[in-house]
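Throughout, a chain's letter reflects where its sequence line sits, starting with A, and its residues are numbered from 1.
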There are 2 protein chains.
Amino acid sequence: MLNERDKEVLCAIVQSYINNPDPVGSRFITKKYAFSLSPASIRNIMFDLEEMGFLRQPHTSAGRVPTDKGYRFYVDYLCSHEHQCDNRAFFYEITRELESIKNDIDILLSETTKRLSNFSHYLGVALSPKAGSATFNRIKLLKHRRNHVVTVLFTDEGLVRNKVVDVDFDLTQRDLNRIASYLNSEFYGYNLNEIRTKIVREMSEEKILCDTLISRAIRICREVLSSPYGNIFISGFTEVLGLPDFSDVEKIKEISRAMEDKHLIIKLLDKFSESAKDEVQVVIGSENSLAGMKGFSIVAATYKEGSMPVGSVGVIGPTRMDYSKTIAMVDIVSRFITKVIADGS
Amino acid sequence: MLNERDKEVLCAIVQSYINNPDPVGSRFITKKYAFSLSPASIRNIMFDLEEMGFLRQPHTSAGRVPTDKGYRFYVDYLCSHEHQCDNRAFFYEITRELESIKNDIDILLSETTKRLSNFSHYLGVALSPKAGSATFNRIKLLKHRRNHVVTVLFTDEGLVRNKVVDVDFDLTQRDLNRIASYLNSEFYGYNLNEIRTKIVREMSEEKILCDTLISRAIRICREVLSSPYGNIFISGFTEVLGLPDFSDVEKIKEISRAMEDKHLIIKLLDKFSESAKDEVQVVIGSENSLAGMKGFSIVAATYKEGSMPVGSVGVIGPTRMDYSKTIAMVDIVSRFITKVIADGS
DNA sequence: TATTAGCACTCACACGTTGAGAGTGCTAAT
DNA sequence: ATTAGCACTCTCAACGTGTGAGTGCTAATA
């Protein structure tokens, strides 16, 4: 379908457009990329590429601009061929400044997204480990005021999560200890998702209903596990505003709406962390299933606890994005986080 | 200096400009506000007001626009005269939807700022209770992995704060209990600020240095208290983009920079919570001492724990702000939060 | 047959002009 | 003290116009 020369021209056009947001013309290609072809020949090729849907013209007698399909081809081409990118500066910054933040994954992620957006000039995003896949280690219950219980949940992954739970019954610390030790023995080693389903199942069972201690325990535990999603971190909005792609107020509104609706982004990133692929993944513009996110591209990867992906980190930007650089960065970052988690254990 | 008529004209101009961001002319004032004066007379008054610095002309032969000094006069005028504002819809929404969120102040504040920005169309901001003024109740230390300690700090105000602290010595849970009970007996009843200074003082004392238990206790406690500021919540950026004041990309960049630099806003709000005034406070444009925040106005108030202000909540918007409505809203919100805190205890 | 030179054509954009409209300041009359 | 009248100023939108970049097509060329 596409011969080698067509591919090269297409990539040249995409690359040129990424460097500079002007529609690129045939003359420019011959000059800059020194094909041994005349502008006229390039024009013929461009015409074909447009027919096949890789390029489009903003208006007659302007140069060509890549379509989402064009970007897709470019990205796949990048990935299939070896390519290098000098991201050493970024790598050093990340490792040097952030390695010390070991015991608070939230701070680590928040700082990481800041660095990511600084270097990429796009939005840096990260999703903290999904509680669901973490493994229950033990729970501690502490009495707090009349009818509040402070719960502290430990997981094998080192995640610590606390939550104040309302209870409608008065309990002594001694009661709480008994409840905690019940939960500890019952749930040790399961992951939180399993526990959640276990709870649903058991809540209807008779023996639970009768035993007030156990039913209270279950109720508290359900509260603790109620929010399945982790935190999301987004930074670099100011960075994005500097891009020529956002010189238009409408565009700004679009991305700001997308940002404010964090649930969408969470769902999106969540999909990434479920797919167990071991690579940076790229979603381009209209490939995106979410209405508010068409027009943007997402480059993301998962980070792991052991061999299990537990969260994701990435970048959101315009479809006209420096994919090569960004993919490399996200790769670095995801590996880095995986490593820090591993070191911390 | 200003006679009653001048004042009325000034207020009319400010109000008209707030309703509609066009420079207001003399003819418009006579029509809309039905002074029994001709445009020519209004022009004379306007001329005087401009000389005194309350108004300015964007260019010759445009109408007048209030200066910051003009807004200031207007706001003071509002406050000194009784004025009403129908905010019942807002009041009901707030009380009905948020009253149930009692035991997590962070969620309460975050939801409140969302509502605030929805109704005001400006940025809603809130600062969670400053840990410094909270009263130490007790601390609990839990062993976590080899050399991590999970600390859970309880305050009289119901604030619970946990943090994972790295320690370079291996301790048993028994050791930790001893350390905790030392800290509990030592610091009970003090507020966290006092404790912080106490620690600094004691760290150099000899008896502390010798006793490893105590010195370890102090070190852990210092870690826990290390971040003096509470969380900040900001929402409504998309809301703000809809305002005519931000139809210009430069303006958007300005406010986005201001937002991203959260420390500035924290400092700002912090000032409010220190001044013990029992009213909504307004800072207009250039009155603001912070470089990045000139050009914006802040309407804020404190919420209290008992009679002590512990945090603040408010709104940030363009100087051309509907002060009357906004002040009323912030007033409602701050009282509401104070009430919820009181109920929760 | 693939490539290229040449040329007419199209379209966005920047620039200058122009006229309408809104609003002012000043002056003289009330 | 107030107001009518008027000349003046300035913005803004509308309109034409020319320039330049880039195209598609055709005919010549290797």
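Checking the phosphate oxygens (OP1, OP2) of D:dA21, no side-chain nitrogen or oxygen of A:R64 falls inside 4.0 Å. Close to D:dT2, at under 4.0 Å from its OP1 or OP2, lies a side-chain N or O of B:R5. Put simply, B:T60 has no side-chain N or O that comes within less than 4.0 Å of OP1 or OP2 on D:dC8. Look at B:S41 and you'll find a side-chain N or O under 4.0 angstrom from OP1 or OP2 of D:dT3.
Taking atom CZ of residue A:R27 and atom C1' of nucleotide C:dG6, one finds them 14 Å apart after rounding to whole Å. A:I29 has its CD1 atom 17 Å from the P atom of C:dT3, to the nearest Å. Rounded to an integer number of Å, the gap from B:D22 CG to D:dC12 P is 11 Å. Residue A:N44 contributes atom CG, which lies 10 Å from atom C1' of D:dC25 at whole-angstrom precision. Summarising the geometry, the separation between CG on A:L55 and C1' on D:dG22 is reported as 14 Å, rounded to the nearest angstrom. A:I42 has its CD1 atom 10 Å from the P atom of D:dT23, to the nearest Å. Look at NE2 on A:H59: it is 9 Å from C1' on C:dC13, rounded to the nearest Å. Taking atom CD on A:E50 and atom P on D:dT23, their separation rounds to 10 Å, with Å as the unit.
Listed nucleotides: D:dA4, C:dT4, D:dG22. Nearest to the side chain of A:S61: D:dG22. When the nucleotides D:dT3, D:dG24, C:dT24 are ranked by their closest atom to the side chain of A:Q57, D:dG24 comes out on top. In this structure, the nucleotide among D:dG24, C:dT4, D:dT3 sitting nearest to the side chain of A:F47 is D:dG24. If you check C:dG25, D:dT3, C:dA5 against the side chain of A:A40, the one that comes closest is C:dA5. Ranking C:dT4, C:dC26, D:dG24 by closeness to the A:R43 side chain, first place goes to D:dG24.
Just one residue in the list A:D270, A:I316, A:L123 forms a side chain to side chain contact (heavy atoms under 4.5 Å, CB included) with A:I265, and that residue is A:I316.
Side chains of A:Q15 and A:Y74 form a contact here, defined as non-hydrogen atoms less than 4.5 Å apart. Within the 4.5 Å cutoff, the side chain of B:V315 has no heavy atoms near those of the B:M329 side chain.
Along DNA chain D, the nucleotide closest to B:S38 and the one closest to B:P58 are compared, and the more 5′ of them pairs with B:S38.
Ring orientation note: the planes of B:F54 and B:F73 are nearly perpendicular, at an angle over 60° on the 30°/60° scale. Taking the six-membered ring where the residue is Trp, B:F296 and B:F246 present parallel rings, their angle staying beneath 30° rather than reaching 60°.
Base pairing of C:dA12: its partner is D:dT19, meeting the Watson-Crick or G-U wobble criterion (both donor-acceptor distances under 3.5 Å). Pair assignment for C:dA28 gives D:dT3, based on Watson-Crick or G-U wobble hydrogen-bonding distances that are each under 3.5 Å.
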